[in-house]
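Chain A is the first sequence line, chain B the second, and so forth, proteins listed ahead of strands; every chain is numbered from 1.
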Protein chains: 2
Amino acid sequence: MQTVRSIINHAEKHCKSNGSRLTQKRKQVLEGLLQSEKALSAYELADYCAKKFDQSLPAMSVYRILEFLQQEQLVHKLNLANKYVACSHITCDHAHDVPQFLICSNCQRVEEISINKSMIEELQLNVEEAGFHLASPQLEMNCICDQCIDKK
Amino acid sequence: MQTVRSIINHAEKHCKSNGSRLTQKRKQVLEGLLQSEKALSAYELADYCAKKFDQSLPAMSVYRILEFLQQEQLVHKLNLANKYVACSHITCDHAHDVPQFLICSNCQRVEEISINKSMIEELQLNVEEAGFHLASPQLEMNCICDQCIDKK
DNA sequence: TCGTTATTGATATATTATATCACCTAGTAG
DNA sequence: CTACTAGGTGATATAATATATCAATAACGA
Ligand SMILES: [Zn+2]
Ligand SMILES: [Zn+2]
Ligand SMILES: [Zn+2]
Ligand SMILES: [Zn+2]
């Protein structure tokens, strides 16, 4: 179990070695995602920063920052939920595989998994047969998590 | 190649045998989706109806109608694109399988395919291992279609 | 025909997202 | 150190998608 701080430190090094800067605001947004149990919207992140750091962060800035963080592979956008999550592999050194996401539609908890490569290839074949090409093999699946099932 | 009209007739019978009604407005919205090459938003459908049938249809009504059409399995919502498509199997008599969608992120053209059942099961296993349960195995994949590739 | 239910309209508002211009700040060159 | 430059942020406007609620109307069954 790593601390939020150590992950952010790692992210900062990553940016530095990339020629980009992980500014304070960017750290704040990333922290918001790291400390959260669930995926957050840009506006929820703006709220978080406003409350936590006592200085309002306009939603526009959050969007720009999220875009930056995505480029740096520190954050992923969940298109199925229109929400954002911190990457689970920030402190891993290996290259980032194409991610697959399980999203609990009840509580927004998210799991970033890696699906069998052969399976993705098979999927890809199906897609090609239909006259399409996978633009991004990032799959997002509409799920219910164990915890939410237990509650019912 | 079936005509839009014949598909709508089929849909009407389907609703009747289901104890529900495919009203004129509902037909108009369904027709909008059937005649379209690509997925449409609720607001685009409202525009279509306004122009084609010369009577404005409030967006709210479109949303309600889309909800109805989804219940009747005549229409699918693409959560990845926040758009809607007519089901490709309205005139098929067989039970509707769980659909999988290929969405061209460039032109919004959509293909409704059926993926290998064993593959879905394998996917499901992966998901269960991660402590989640597939809420709907409807996969939506971010693609580029052949036509859009050729244009470039 | 009357009363009930299903359908639609109208209005307000929430949520997510993009476009644009102005301002500020950190790093660089002189 | 200062002035310049590019990158980063703020502010404002607006678009696009979606939900909530109450009123009006149309269809249906008795
Ligand atoms: Zn990741
Ligand atoms: Zn959950
Ligand atoms: Zn279908
Ligand atoms: Zn296309």
Please identify each residue that fulfils side-chain contact (heavy atoms from CB on, under 4.5 Å) with [X], with sequence neighbours left out.
X	answer
A:Asp146	B:His133
A:Ala86	A:Leu30, A:Leu33, A:Leu34
A:Ala130	B:Leu102, B:Glu111, B:Ile113
A:Gln2	A:Ser6, A:Ile7, A:Thr91

[X] [atom1] - [N] [atom2] separation (whole Å):
X	N	atom1	atom2	answer
A:Glu67	D:dG7	CD	P	14 Å
A:Leu69	D:dG7	CG	P	17 Å
B:Tyr63	C:dA14	OH	P	16 Å
B:Leu66	D:dA16	CG	P	18 Å

For this session: Give the other cluster members for B:Val98, using side-chain heavy-atom distances under 4.5 Å between Ile, Leu, Val, Met, Phe, Trp and Tyr residues; answer none if it is isolated.
Result: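 Taking Ile, Leu, Val, Met, Phe, Trp and Tyr as members, B:Val98 stands alone, with no cluster partners.
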Seminar exercise, completed: Residue pairs passing the salt bridge (charged side-chain N to carboxylate O under 4.0 Å, His left out) test with at least one member in residues 25-45 of chain A, sequence neighbours excluded, are A:Glu12-A:Lys27, A:Glu31-A:Lys52, A:Glu37-A:Arg109
For this session: Mind jotting down which residue pairs meet the salt bridge (charged side-chain N to carboxylate O under 4.0 Å, His left out) criterion with at least one end in residues 119-143 of chain B? Sequence neighbours excluded, please.
Result: none
Seminar exercise, completed: Residues in residues 7-15 of chain B with a heavy atom under 4.0 Å of DNA chain C, by number, are none
Problem set entry | Any pair counted as ring pair (Phe, Tyr, Trp, His ring centres under 6.0 Å), so long as it reaches residues 38-66 of chain A, sequence neighbours left out | none
Problem set entry | Contact list for residues 87-125 of chain A, test ring pair (Phe, Tyr, Trp, His ring centres under 6.0 Å), sequence neighbours left out |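 Residue pairs passing ring pair (Phe, Tyr, Trp, His ring centres under 6.0 Å), neighbours aside: A:His76-A:His96, A:His76-A:Phe101, A:His89-A:His94, A:His89-A:His96.
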Problem set entry | Below 4.0 Å: OP1/OP2 of D:dT17 and any side-chain N or O of B:Ser41 | yes
Exercise. Can you list, by residue number, the residues of residues 77-87 of chain B that have a non-hydrogen atom closer than 4.0 angstrom to DNA chain D?
Worked result: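 The answer is B:Lys77, B:Asn82, B:Lys83, B:Tyr84.
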Problem set entry | Annotated protein contacts, base or backbone, on nucleotides 4-13 of chain C with a non-hydrogen cut-off under 4.0 Å, one of B, S, - each | --SSBBBBB-
For this session: Determine whether the side chains of B:Gln138 and A:Asn142 contain a donor N or O and an acceptor N or O closer than 3.5 Å.
Result: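 The criterion, which ignores hydrogens and geometry beyond distance, is not satisfied for A:Asn142 and B:Gln138.
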For this session: Look at atom CD of A:Glu67 and say whether more than 12 heavy atoms of other residues, nucleotides or ligands are closer to it than 6.0 Å.
Result: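 No, the 6.0 Å shell around CD holds no more than 12 heavy atoms from other groups.
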